[in-house]
Trainee: 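For reference, the structure I am asking about is given below.
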Amino acid sequence: MSLTLYNTMSRSKELFQPIDEQRVTMYVCGPTVYNRVHIGNARPAVVFDTLYRLLQKLYPNVQYARNITDIDDKIMQTASELGEDISTLSTRYAEAYFDDMAALNNLSPTIIPYATQHIPEMIDMVSRLIDKGHAYAVDNGVTGEQGHVLFAVQSMEHYGQLSQRLLDDMLPGARVEVASYKHYAGDFVLWKPSANNEPGWDSPWGRGRPGWHLECSAMIEKHLGESIDIHGGGQDLIFPHHENEIAQSCCAHDGKPFANVWMHNGFINIEGEKMSKSLGNFRMVNDLLEQYPGEVLRYVILSAHYRSEQNFGKDLLDSAWRSLDTLYSFLRAQGDVTATDVDITDSDAYRALLDDLNTPVAISELHKLAREMNAAQGGARSEAKGRLLAVAELLGLLQQDAEQWFTLARGGSDISAEQIEMLIAKRNQAKADKDYAGADAVREELKAMGVVLEDSREGTQWRRE
RNA sequence: GGCGCCGUAGCAAAGUGGUAAUGCAGUGGACUGCAACUCCGCGAUCGUCGGUUCGAUUCCGACCGGCGCCUCCA
């Protein structure tokens with residue numbers, strides 16, 4: 001059984017063949033930490049976390065790196081507005097990012113490299129690019145322009161391969177004004193000068209800071225090697241970010257392949273609209289987490305294929321929550337049935353994931369497995385439960401205690417479990433006395449507080465809704 | 001101007017050259033003191049129009065509609 005992945009470079013699904021089966025390498029572009037992250041940042045984290053889980057099943061050693069960009073103009077601007085040091089700001093938001101990602105049940109990557117901890121490596125790469133004739137330092141005597149080092153895209157034979165665009169086809173300055181010191185409009189910054197009041201590091205070209213794309217190339221080279229198996233990120237990064245990473249790395253390594261598989265997740269929209277500053281419709285992960293369990297967000301993200309566009313909305317989140325309720329209620333009904341270890345490599349869900357990470361199908365299998373578990377008798381229950389939980393673990397779902405899933409607070413009333421149990425006892429007494437009106441009154445009372453009662457032979461169970 | 005994506009039941013979302021998984025919602029029934037949970041059952045011919053084919057939702061073309069990117073937004 002083999003893994004197939006869609007490669008943006010070839011625009012087709014390809015059989016995944018690692019460079020070294022004993023050490024599979026994956027790099028995913030992480031956040032620039034100047035604010036809390038929005039739900040759009042969560043998607044690649046969840047998608048590639050799922051791929052990471054799958055790869056770990058297939059290979060003994062998977063090196064998964066996801067960076068933290070902690071030097072950037074947006075960070076500098078926000079830090080200066082708040083009157084604090086960039087490292088204070090970036091540390092705070094990096095921590096917040098880790099919290100948010102953990103809430104979505106993402107595993108921690110193997111390596112979390114920080115841009116500011118790799119300045120020497122970046123400077124070294126720039127020097128090599130200049131030496132090889134792929135980059136040039138601006139030296140035109142104009143104040144403010146000196147100290148820039150630019151990558152010369154025309155020096156690279158196949159520049160534009162990933163995004164499938166030719167230099168001539170691009171509208172120069174379509175969105176950003178072309179700086180006068182560029183030899184060519186498409187050239188991009190490797191190093192730029194910092195003013196005295198700006199953060200900066202000494203370099204052969206003066207005090208300055210790295211350009212946006214450089215960190216990823218330098219950190220990949222250091223931690224994963226010159227050629228890696230998988231490189232992922234959001235679709236918007238295809239151009240220019242990943243295109244330029246390729247340019248830097250390939251040229252620094254004399255044309256050696258950079259990443260064999262390029263994977264890009266689609267965008268998340270909010271109620272049909274792109275998240276944007278002008279619309280003011282950014283949905284921050286931590287805000288959503290106040291209304292929904294992280295697992296609901298994860299379920300929503302995995303319920304659509306990673307390459308398609310996804311529209312986040314209240315209906316979708318509520319629907320996902322109810323779906324998880326159904327799954328957890330099956331698990332709850334199993335009580336303390338022990339889950340046995342089951343090999344799931346022959347399951348439809350596993351096959352679906354091997355097919356370019358088809359998580360929607362895997363989730364549909366989750367529902368089928370839950371029903372099978374529900375129908376199972378005797379010893380078959382343990383196996384069915386084991387199968388369900390093993391598949392769910394690959395998706396990072398259903399790992400919580402089912403009892404807690406239903407009884408932990410859900411943002412409704414704050415009635416305590418003890419109070420609820422008291423009312424249930426009161427209702428049971430009423431039922432024993434055939435005082436059904438009284439019993440129903442208690443049910444209604446609890447219902448009004450978001451607590452639903454479920455009677456069964458074993459007694460009364462409750463859950464918050 | 002260039003590159004690319006999408007249009008499947010009320011909503012969400014897979015998928016296949018031979019009449020379409022799954023979830024949520026809805027609905028009929030069983031169960032229940034009443035409910036809830038659960039169980040059994042019910043719903044779409046796949047944007048439009050052509051073409052290829054014995055046969056297309058699936059391949060090709062056109063059109064309509066929605067959308068992304070083109071130098072620092074996941």
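Side chains included, hydrogens not; waters and symmetry mates left out as well; all remaining heavy atoms used. Protein chains get the first letters and strands the later ones, always in sequence-line order, with residue 1 at the start of each.
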Trainee: P atom, B:G15 versus B:C31: distance in rounded Å?
Mentor: 41 Å
Trainee: Could you check A:D348 against A:R351 for salt bridge (Lys or Arg N to Asp or Glu O under 4.0 Å), going step by step and ending with a plain yes or no?
Mentor: CA-CA 5 Å; A:D348 289 338; A:R351 267 190 288 277; 2.9 Å; yes
Trainee: Could you give the distance separating B:C11 and B:U19 at their P atoms, to the nearest angstrom?
Mentor: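 Their P atoms lie roughly 26 Å apart.
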Trainee: Pick base, sugar-phosphate or nothing for A:R332, based on heavy-atom distances below 4.0 Å to the nucleic acid.
Mentor: nothing
Trainee: So if I take every side-chain heavy atom of A:H367 and compare against B:C70, B:U22, B:A36, which nucleotide ends up nearest?
Mentor: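 For A:H367, the side-chain atoms sit closest to B:U22.
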Trainee: Using the six-membered ring wherever Trp is involved, compare the ring planes of A:F48 and A:Y306 and label them parallel, tilted or perpendicular (cut-offs 30° and 60°).
Mentor: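 Correct class here is tilted.
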Trainee: Nearest whole Å is fine: how far is B:U38 C1' from A:L453 CG?
Mentor: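 The answer, rounded to whole Å, is 17 Å.
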Trainee: Taking N and O atoms by type only, does the side chain of A:R427 place a donor or acceptor under 3.5 Å from a partner on the base of B:G33?
Mentor: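 Indeed there is one.
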Trainee: Considering only side-chain heavy atoms of A:P360, which listed nucleotide, B:U22, B:G4, B:A14, is closest?
Mentor: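 Ranking B:U22, B:G4, B:A14 by closest atom to the A:P360 side chain puts B:A14 first.
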Trainee: Please check the phosphate of B:C69 (OP1 and OP2 only) for any side-chain N or O of A:Q235 closer than 4.0 Å.
Mentor: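 No, no such contact exists.
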Trainee: Indicate, with a heavy-atom threshold strictly under 4.0 Å, whether A:H38 touches base, sugar-phosphate, or nothing.
Mentor: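 The residue A:H38 makes base contact.
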Trainee: Quick one: A:K434 NZ to B:C34 C1', roughly how many Å, whole number?
Mentor: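 Result: 13 Å.
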Trainee: Send over the distance from A:Q248 CD to B:U71 P, rounded to a whole Å.
Mentor: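 Rounding to the nearest Å, CD of A:Q248 and P of B:U71 are 17 Å apart.
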Trainee: How long is the line joining CG of A:L324 and P of B:A25, in whole Å?
Mentor: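 After rounding, the gap between these two atoms is 13 Å.
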Trainee: Of all the heavy-atom pairs spanning A:A79 and A:L89, show the shortest one and how long it is.
Mentor: N-CD2, 3.9 Å
Trainee: Using a 4.0 Å heavy-atom cut-off across all strands, classify A:K192 as base, sugar-phosphate, or nothing.
Mentor: base
Trainee: When you check the phosphate oxygens OP1 and OP2 of B:C70, does a side-chain N or O of A:S163 lie under 4.0 Å from one of them?
Mentor: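 No, no such contact exists.
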Trainee: Give every residue pair that meets the side-chain hydrogen bond (donor to acceptor under 3.5 Å, both in side chains) criterion with at least one member in residues 36-46 of chain A, sequence neighbours excluded.
Mentor: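 Qualifying pairs: A:R36-A:D100, A:H38-A:N41.
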Trainee: B:A14 phosphate, OP1 or OP2: any side-chain N/O from A:S308 under 4.0 angstrom?
Mentor: yes
Trainee: Is there a side-chain polar atom (N or O) of A:N244 under 4.0 Å from OP1 or OP2 of B:U71?
Mentor: no
Trainee: Work out how far the P atom of B:A35 is from that of B:A20, and round it to whole angstrom.
Mentor: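 To the nearest whole Å, 36 Å.
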Trainee: Give the nucleotide from the list B:C72, B:C73, B:C24 with an atom nearest to the side chain of A:D236.
Mentor: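 The nucleotide sitting nearest to the side chain is B:C73.
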Trainee: In whole Å, measure the gap between the P atoms of B:C59 and B:C6 for me.
Mentor: 11 Å
Trainee: For the pair A:K192 and A:D73, find out whether any cationic side-chain nitrogen is under 4.0 Å from an anionic carboxylate oxygen.
Mentor: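 Yes, charged N to carboxylate O under 4.0 Å.
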Trainee: Side chain of A:S329 only, heavy atoms from C-beta on: which candidate in B:U22, B:C37, B:A12 is closest?
Mentor: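 Among the listed nucleotides, the one closest to the side chain of A:S329 is B:C37.
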Trainee: Identify whether any heavy atom of A:N358 sits under 4.0 Å from a base atom; if not, whether one sits that close to sugar-phosphate; answer base, sugar-phosphate or nothing.
Mentor: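 Sugar-phosphate only.
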Trainee: Using a strict threshold of under 4.0 Å (side-chain N to carboxylate O), is an ion pair present between A:R463 and A:E454?
Mentor: yes
Trainee: What's the gap between B:U57 and B:C40 when it is taken at their C1' atoms, as a whole Å value?
Mentor: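 Result for the C1' pair: 30 Å, nearest Å.
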Trainee: Say whether A:D70 and A:Y93, considering side chains only, have a donor N or O and an acceptor N or O under 3.5 Å apart.
Mentor: no
Trainee: Would you mind classifying the nucleic acid contact of A:I268 as base, sugar-phosphate or nothing, using non-hydrogen atoms under 4.0 angstrom?
Mentor: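 Touches a base.
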Trainee: Classify the nucleic acid contact of A:D455 as base, sugar-phosphate or nothing, counting any heavy atom under 4.0 Å across all strands shown.
Mentor: base
Trainee: Do you know which of A:H242, A:H213, A:H231 makes ring-ring contact (aromatic ring centres under 6.0 Å, His included) with A:F258?
Mentor: A:H231
Trainee: Could you tell me how far B:A21 sits from B:A44 if I compare only their C1' atoms? Round to whole Å.
Mentor: 13 Å
Trainee: What's the closest nucleotide to the A:D72 side chain, out of B:A74, B:U71, B:C72?
Mentor: B:C72
Trainee: With rounding to whole Å, what would you report as the distance between B:U58 and B:G29 at their C1' atoms?
Mentor: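 Result for the C1' pair: 37 Å, nearest Å.
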Trainee: Strictly below 4.0 Å: does A:K74 bring a side-chain N or O up to OP1 or OP2 of B:C73?
Mentor: yes
Trainee: Between A:R443 and B:C34, is there a side-chain N or O to OP1/OP2 distance below 4.0 Å?
Mentor: no
Trainee: Considering every strand and a 4.0 Å limit on heavy-atom distances, what is the contact class for A:G234: base, sugar-phosphate, or nothing?
Mentor: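 Contact class for A:G234: sugar-phosphate only.
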Trainee: Students often get this wrong, so: under 4.0 angstrom with heavy atoms, is A:K431 touching a base, only sugar-phosphate, or nothing?
Mentor: base
Trainee: Checking side-chain contact (heavy atoms from CB on, under 4.5 Å) against A:Y64, which of A:L51, A:I111, A:V28 comes through?
Mentor: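 Among the candidates, only A:V28 passes.
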Trainee: So what does A:D440 touch, heavy atoms closer than 4.0 Å: a base, only the sugar-phosphate, or nothing?
Mentor: base
Trainee: Output the rounded distance in Å from CG (A:D318) to C1' (B:G10).
Mentor: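 For the pair A:D318 CG and B:G10 C1', the rounded distance is 16 Å.
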Trainee: Closest approach to the side chain of A:N374, judged atom by atom: which nucleotide of B:C39, B:U71, B:A74 is it?
Mentor: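 For the A:N374 side chain, the nearest candidate turns out to be B:C39.
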Trainee: Contact class for A:E309 vs. all strands (heavy atom < 4.0 Å): base, sugar-phosphate, or nothing?
Mentor: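 Counting heavy atoms under 4.0 Å across all strands, the contact made by A:E309 is with sugar-phosphate only.
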Trainee: When the P atoms of B:A9 and B:G2 are compared, how many Å lie between them, rounded to an integer?
Mentor: 33 Å
Trainee: Are more than 12 heavy atoms, taken from residues, nucleotides or ligands other than A:Q377, located less than 6.0 Å from that residue's CD atom?
Mentor: no
Trainee: Without decimals, in angstroms, what is the distance between A:E454 CD and B:G33 P?
Mentor: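 Atom-to-atom, A:E454 to B:G33, this comes out as 16 Å.
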Trainee: How long is the line joining CZ of A:R463 and C1' of B:C37, in whole Å?
Mentor: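 After rounding, the gap between these two atoms is 7 Å.
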Trainee: Report which part of the nucleic acid A:K274 touches: base, sugar-phosphate, or nothing (heavy-atom distance under 4.0 Å, all strands).
Mentor: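 If one applies the 4.0 Å heavy-atom cut-off, A:K274 turns out to touch a base.
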Trainee: Would you mind reading off the distance between A:R457 atom CZ and B:C31 atom C1', rounded to a whole angstrom?
Mentor: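 Taking CZ of A:R457 and C1' of B:C31, I get 10 Å after rounding.
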Trainee: Could you check A:A304 against A:R322 and say which one's nearest nucleotide on RNA chain B is further toward the 5' end?
Mentor: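 By nearest-heavy-atom nucleotide position, the 5'-most residue is A:A304.
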Trainee: If the cut-off is 4.0 Å, is A:T326 near the phosphate of B:C24, judged by side-chain N/O to OP1 or OP2?
Mentor: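 Checking A:T326 against B:C24: at least one side-chain N or O falls below 4.0 Å of OP1 or OP2.
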Trainee: For RNA chain B, which consecutive runs of 3 or more Watson-Crick or G-U pairs (each distance under 3.5 Å) count as stems?
Mentor: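 Output for stems: B:1-7 with B:64-70, B:10-12 with B:22-24, B:26-30 with B:38-42, B:47-51 with B:59-63.
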Trainee: Step by step, work out the salt bridge (Lys or Arg N to Asp or Glu O under 4.0 Å) result for A:E465 and A:K447.
Mentor: CA-CA 9 Å; A:E465 67 171 5; A:K447 171 84 179 165; 3.1 Å; yes
